[in-house]
Amino acid sequence: MQEKILLVGGGGHCKAVIDVIEQEGRFNIAGIIDKKELIGTKVLGYKVIGCDDDLEKLSHTYKYALVTVGQIRSNTLRVKLFSLLKEIGYILPVIISPLAYLSKHSKVDDGSIVMHQTLINAGAIIGQNCIINTKALIEHDSIVEEHCHISTGAIINGGVIVKKNSFVGSNATTKEYIMIEQFIKAGSVVK
């Protein structure tokens with residue numbers, strides 16, 4: 001029997017996460033947590049069953065949750081929700097698309113999602129609460145610290161360290177063995 005999971009945040013990123021969870025087949029989506037005024041509406045057929053204020057009460061029924069708020073300009077809300085869910089006692093699983101490649105010699109930490117057609121190679125480490133988005137490449141021995149978003153088609157070359165709270169935009173490419181500690185715009189080449 002599949003475990004049930006709550007998704008916290010009902011926007012565009014949530015839709016992409018729903019697709020990955022459905023493809024992975026490990027969890028049944030119990031419902032979405034979003035703004036109070038959205039309770040009763042649906043996201044891809046899944047009902048918004050509560051708001052942040054309901055998370056404590058819902059933890060008595062559901063033990064799994066995932067932050068499904070996206071991250072572009074700021075990750076403040078993602079970090080706040082991740083901390084709140086941990087504090088309440090939810091388990092934040094790693095979600096990995098069956099269409100992704102994850103080396104058995106790599107590691108992905110709690111609450112992170114690896115989207116469709118992503119490649120994570122040997123020796124790579126992904127921290128907590130990260131989004132490794134569609135078609136991203138995380139090369140050997142790279143470290144993506146907690147609360148980062150590696151966007152669609154981004155290339156993190158070998159030995160790169162992406163510092164906590166960073167964002168790497170779509171189709172950005174890094175030189176190998178450098179440190180990233182900022183907001184990287186889409187299409188950038190980072191040397």
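- Separating the NZ atom in Lys63 from the CG atom in Leu92 is a distance of 13.0 Å, to the nearest 0.5 Å.
- In this structure, Ser112 OG and Leu66 CG are separated by 8.5 Å, a value rounded to the nearest 0.5 Å.
- The backbone N or O of Gly123 sits nowhere less than 3.5 Å from a side-chain atom of Ser106 that would complete a donor-acceptor pair.
- For residues 145-165, every residue pair satisfying the salt bridge (charged side-chain N to carboxylate O under 4.0 Å, His left out) rule, not counting sequence neighbours, is listed here: Glu145-Lys163, Glu146-Lys164.
- In this structure, CD on Gln117 lies 12.0 Å from CG on Asn133, to the nearest 0.5 angstrom.
- Distance check, rounded to the nearest 0.5 Å: NZ of Lys86 to CD1 of Ile88 gives 12.5 Å.
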Just list the side-chain donor-acceptor pairs under 3.5 Å for residues 29-50, sequence neighbours left out, or say none.
| from | atom 1 | to | atom 2 | distance (Å) |
| --- | --- | --- | --- | --- |
| Asp34 | OD2 | Gly10 | N | 2.9 |
| Thr41 | OG1 | Leu38 | O | 2.6 |
| Tyr46 | OH | Glu22 | OE2 | 2.7 |

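- Counting heavy atoms from C-beta on, the side chains of Asn129 and Val67 come closer than 4.5 Å.
- Note that the CG atom of Asp110 and the CD1 atom of Ile126 stand 13.5 Å from one another [nearest 0.5 Å].
- The closest side-chain heavy-atom distance from Asn28 to Ile5 is not below 4.5 Å.
- Listed for the Ser188 side chain is no donor-acceptor partner under 3.5 Å among the backbone atoms of Ile184.
- Residues Ala65 and Pro93 come closest through the heavy atom pair O-CD, 3.4 Å.
- Atom CD1 of Ile18 is separated from atom NE2 of His13 by 10.5 Å, given to the nearest 0.5 angstrom.
- Taking both residues in full, the closest heavy atoms of Ser142 and Ile156 are given as OG-CG2, 3.8 Å, listed atom of the first, atom of the second, then distance.
- With Val20 as reference, Ile95 is the one residue of Val114, Ile95, Leu99, Ile96 to meet the side-chain contact (heavy atoms from CB on, under 4.5 Å) rule.
- Under the 4.5 Å side-chain heavy-atom criterion for Ile, Leu, Val, Met, Phe, Trp and Tyr, Val17 and Val94 are members of distinct hydrophobic clusters.
- At least one donor-acceptor pair closer than 3.5 Å links the side chain of Thr68 to the backbone N or O of Gly9.
- A centroid separation of 6.0 Å or more is found between the aromatic rings of Tyr90 and Tyr64.
- Between Leu84 and Leu55, the closest heavy-atom pair is CD2-CD1, 3.8 Å.
- Checked by atom type, the side-chain pair His147/Asn75 shows no donor-acceptor distance below 3.5 Å.
- Taking hydrophobic clusters as Ile, Leu, Val, Met, Phe, Trp and Tyr residues chained together by side-chain heavy-atom distances below 4.5 Å, Ile113 does not share a cluster with Val108.
- Under a cut-off of 6.0 angstrom, the local environment of CD in Glu87 is sparse, with at most 12 non-hydrogen atoms contributed by other residues, nucleotides or ligands.
- Although no hydrogens or angles enter the test, the distance criterion places no donor-acceptor pair under 3.5 Å between the side chain of Asp19 and the main chain of Ala16.
- Cluster annotation: Leu137 and Tyr101 are assigned to the same hydrophobic cluster (Ile/Leu/Val/Met/Phe/Trp/Tyr, side-chain heavy-atom contacts under 4.5 Å, transitive).
- No side-chain heavy atom of Gln2 sits less than 4.5 Å from a side-chain heavy atom of Arg26.
- In this structure, Ile138 and Ile150 have side chains that are in contact, with non-hydrogen atoms separated by less than 4.5 Å.
- Using modelled atom types and a 3.5 Å distance limit, the side chains of His116 and Thr134 yield no donor-acceptor pair.
- The local environment of NZ in Lys135 is sparse, with at most 12 non-hydrogen atoms from other residues, nucleotides or ligands closer than 6.0 Å.
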Evaluate the side chain to side chain contact (heavy atoms under 4.5 Å, CB included) criterion for residues Val162 and Ile143: first the C-alpha distance (whole Å), next the side-chain angles of each, then the deciding distance (0.1 Å), finally the verdict.
-> CA-CA 6 Å; Val162 180; Ile143 298 170; over 6 Å; no

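- Not a single donor-acceptor pair under 3.5 Å links the side chain of Arg78 to the backbone N or O of Gln71.
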Quick one: side chains of residues 167-183, donor-acceptor pairs under 3.5 Å with protein atoms, not counting sequence neighbours, listed by atom name and distance.
| from | atom 1 | to | atom 2 | distance (Å) |
| --- | --- | --- | --- | --- |
| Ser170 | OG | Ser151 | OG | 3.2 |
| Ser170 | OG | Thr152 | OG1 | 2.6 |
| Thr174 | OG1 | Asn157 | N | 3.0 |

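- The same ILVMFWY cluster, assembled from side-chain heavy atoms under 4.5 Å apart, contains both Phe82 and Val69.
- Each of Val160 and Leu119 belongs to its own hydrophobic cluster when Ile, Leu, Val, Met, Phe, Trp and Tyr are linked at side-chain heavy-atom distances under 4.5 angstrom.
- Within the 4.5 Å cutoff, no side-chain heavy atoms of Ser97 are placed close to those of Met115.
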